[in-house]
Amino acid sequence: MIAVGASWGGLKALRAIAHGLPAHFRVPITFVQHRSKESAALRELLQDCTSLIVCEVEDKQPIMGGYVYLAPPDYHLLVDGDEFSLSVDEPVRYSRPSIDVFFESVAERFGPAAVGVVLTGANEDGAEGLRQIAARGGLAVVQDPRTAESPIMPRAALRAVPTAQTLPLERMTPYLVSLDTGEENEQGRRKRTGGTDEVRA
Amino acid sequence: MVVPVGLGAADPAPAAGAEAIVTPTVTDIAAAAEAPVNGYSPDLERIEIQLLLEGIYRHYGFDFRAYAYASLRRRIWKRIDSDGLKTISALQDRVLHDPSMMERLLLDLSINVTAMFRDPGFYVAFRRDVVPALRTYPFIRIWHAGCSTGEEAYSMAILLEEEDLYDRARIYATDINEVVIRKAKEGIFPLDRMQEYTQNYLRAGGTRSFSEYYTAMYDGALFAPRLMRNIVFSQHNLVTDRSFAECNVILCRNVLIYFDRTLQQRVHKLFHESLPIYGYLGLGSKESLRFTGFEDDYEAVDRREKIYRKIK
């Protein structure tokens with residue numbers, strides 16, 4: 001599972017990521033974007049950039065490869081076994097959906113098979129969730145703050161996980177695709193595993 | 001075919017092509033168990049949560065065992081953190097020996113956050129697609145299952161009053177939790193939310209001024225007693241209790257998301273038994289009949305707003 005969190009400036013960043021995903025991409029990828037309750041057009045805007053099916057998650061929807069999932073507005077998104085689940089619990093740090101809530105449940109469920117990606121944003125959501133993904137042996141990826149429309153969220157994520165893989169937006173999708181096809185080398189993996197201990201300490 | 005997949009990031013060389021689909025394996029889970037967070041592996045956490053829920057069920061009779069795990073887990077940790085405890089076992093110890101702790105946890109686990117005219121589009125669709133049918137009935141019974149503190153039941157009372165149907169309507173508003181039912185009966189809601197509710201009300205197709213419905217007091221907004229006259233608030237447990245009446249409309253919005261799929265199916269069976277043919281079922285905007293086994297028994301009245309009508 002690739003879990004992607006974005007806030008301010010996220011539309012452009014998410015579109016860029018969706019655009020680069022090949023039609024044969026088999027890893028389920030989920031976008032959690034902060035947005036208002038009324039913003040219903042995000043799914044269509046993302047669907048325009050990819051041949052994968054983009055769907056706004058409904059409660060108990062099975063998690064499958066070949067889909068781009070989108071957290072619905074005004075709900076928290078979580079993973080429960082092989083399904084998604086939703087909640088209307090209080091917003092966390094003023095956000096619902098909360099990136100932290102989603103990332104934490106992804107860390108719990110997928111462990112080392114989780115990839116957390118923190119993109120542009122003007123708050124610190126996602127940092128704690130990314131820390132938990134890394135602590136459970138998953139892979140932490142952060143957009144290079146210098147290339148982010150708003151660097152606050154990626155900076156916070158890097159403070160939480162200093163060993164996170166940092167990439168400019170244009171290299172993000174090729175990197176995620178390389179994970180799917182197993183091109184990531186052993187060196188990268190060792191570095192990651194070593195990094196996990198540092199984070200925990 | 002449903003293929004749950006994780007990314008095989010821990011596998012040295014995932015197979016090429018379609019075989020790259022990786023079902024999380026025992027190895028994945030074992031690997032996760034080696035990476036504890038707060039001293040917990042996911043496995044140990046699950047064991048302790050199951051023990052806690054089993055203990056609560058056997059000692060107090062509240063059954064949370066078939067609640068959706070991920071949300072339940074968050075709520076349990078919230079209680080642990082706010083009481084300065086360290087482990088789920090420590091919470092279990094407190095809960096089993098101290099009923100007041102059980103009461104607090106019960107509130108944590110069972111309260112659903114709600115709002116007046118939540119999802120205004122739902123009420124617009126209800127006025128447009130359901131109200132015309134209700135007009136043809138001599139008496140209208142509405143069951144609002146999982147009403148929490150009553151905001152949405154009062155919203156429905158307002159809508160029916162504006163449609164001139166409230167005199168012949170009865171809203172049965174139920175919740176598992178007696179504390180919220182007591183609160184709902186008071187009809188007092190926080191003043192600081194009235195601005196939001198007024199916005200919702202207008203977007204929901206409200207035809208009057210929202211402030212006509214409440215009196216601002218120093219500690220809250222008191223809703224007009226006439227709205228309360230045809231609402232029957234009562235305690236009812238969707239998990240263990242049976243149907244209590246045949247209803248023309250059942251509203252159960254953002255309640256079933258806290259249940260696992262098996263329990264959802266059981267509750268849908270209860271709803272199905274409680275509705276006549278052409279009875280209406282209203283769910284939350286991101287809830288679906290798709291994964292419940294009851295999809296073929298209903299037709300969509302408004303697919304987007306999740307209003308369905310029983311056809312068999």
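Here is the naming used below: chain letters follow the sequence lines, and residue numbers restart at 1 for every chain.
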What parts of residues 192-201 of chain B touch chain A if we use heavy atoms and a cut-off under 4.5 Å?
B/Glu196
Option that, when pairs with chain B are counted at under 4.5 Å, heavy atom only, ranks first among A/Val79, A/Leu78, A/Asp89:
A/Asp89
Could you check A/Arg155, A/Arg131, A/Arg159 and say which one makes a salt bridge (charged side-chain N to carboxylate O under 4.0 Å, His left out) with A/Glu124?
A/Arg159
Using a cut-off of under 4.5 Å for heavy-atom pairs, which of A/Glu90, A/Lys60, A/Glu58 has the most such pairs with chain B?
A/Lys60
Rounded distance (nearest 0.5 Å) linking atom CD1 of B/Ile49 with atom CD1 of B/Ile88:
4.0 Å
Largest heavy-atom contact set with chain B, pairs under 4.5 Å, which of A/Val57, A/Val88, A/Val106, A/Val101:
A/Val88
Lys/Arg-Asp/Glu bridge criterion (N-O < 4.0 Å) met for B/Arg46, A/Glu108
yes
So which of B/Ser288, B/Ala70, B/Ala68 has the largest heavy-atom pair count under 4.5 angstrom toward chain A?
B/Ala70
Below 4.5 Å from any heavy atom of chain A, which atoms of B/Tyr69 appear? Answer side chain, backbone, both or neither.
both
Is the Lys NZ or Arg CZ of A/Arg136 less than 6.0 Å from the centre of B/Tyr40's six-membered ring, within 45° of the axis?
no
Proximal component of B/Arg253, with respect to chain A [non-hydrogen, under 4.5 Å]
neither
N/O donor-acceptor pair under 3.5 Å between A/Ser150 side chain and A/Thr120 backbone:
no
Between A/Tyr69 and A/Phe31, does the ring centre distance come in under 6.0 Å?
no
Check each atom of B/Arg261 against the heavy atoms of chain A and say whether the ones under 4.5 Å are side chain, backbone, both or neither.
both
Pairwise side-chain contact, B/Leu263 with B/Arg65, heavy-atom cut-off 4.5 Å (strictly under)
no
I'd like to check B/Asp83 versus B/Leu91 (side-chain heavy atoms, cut-off strictly below 4.5 Å). Are they in contact?
no
Is the shortest heavy-atom distance from the side chain of A/Tyr67 to the side chain of A/Cys55 under 4.5 Å?
yes
Have B/Gln264 and B/Thr292 got a donor and an acceptor in their side chains that come within less than 3.5 Å?
no
Top contributor to chain A interface from B/Asp119, B/Asp260, B/Val113 [non-hydrogen pairs under 4.5 Å]
B/Val113
At a 4.5 Å cut-off on heavy atoms, which part of A/Glu83 comes close to chain B: side chain, backbone, both, or neither?
side chain
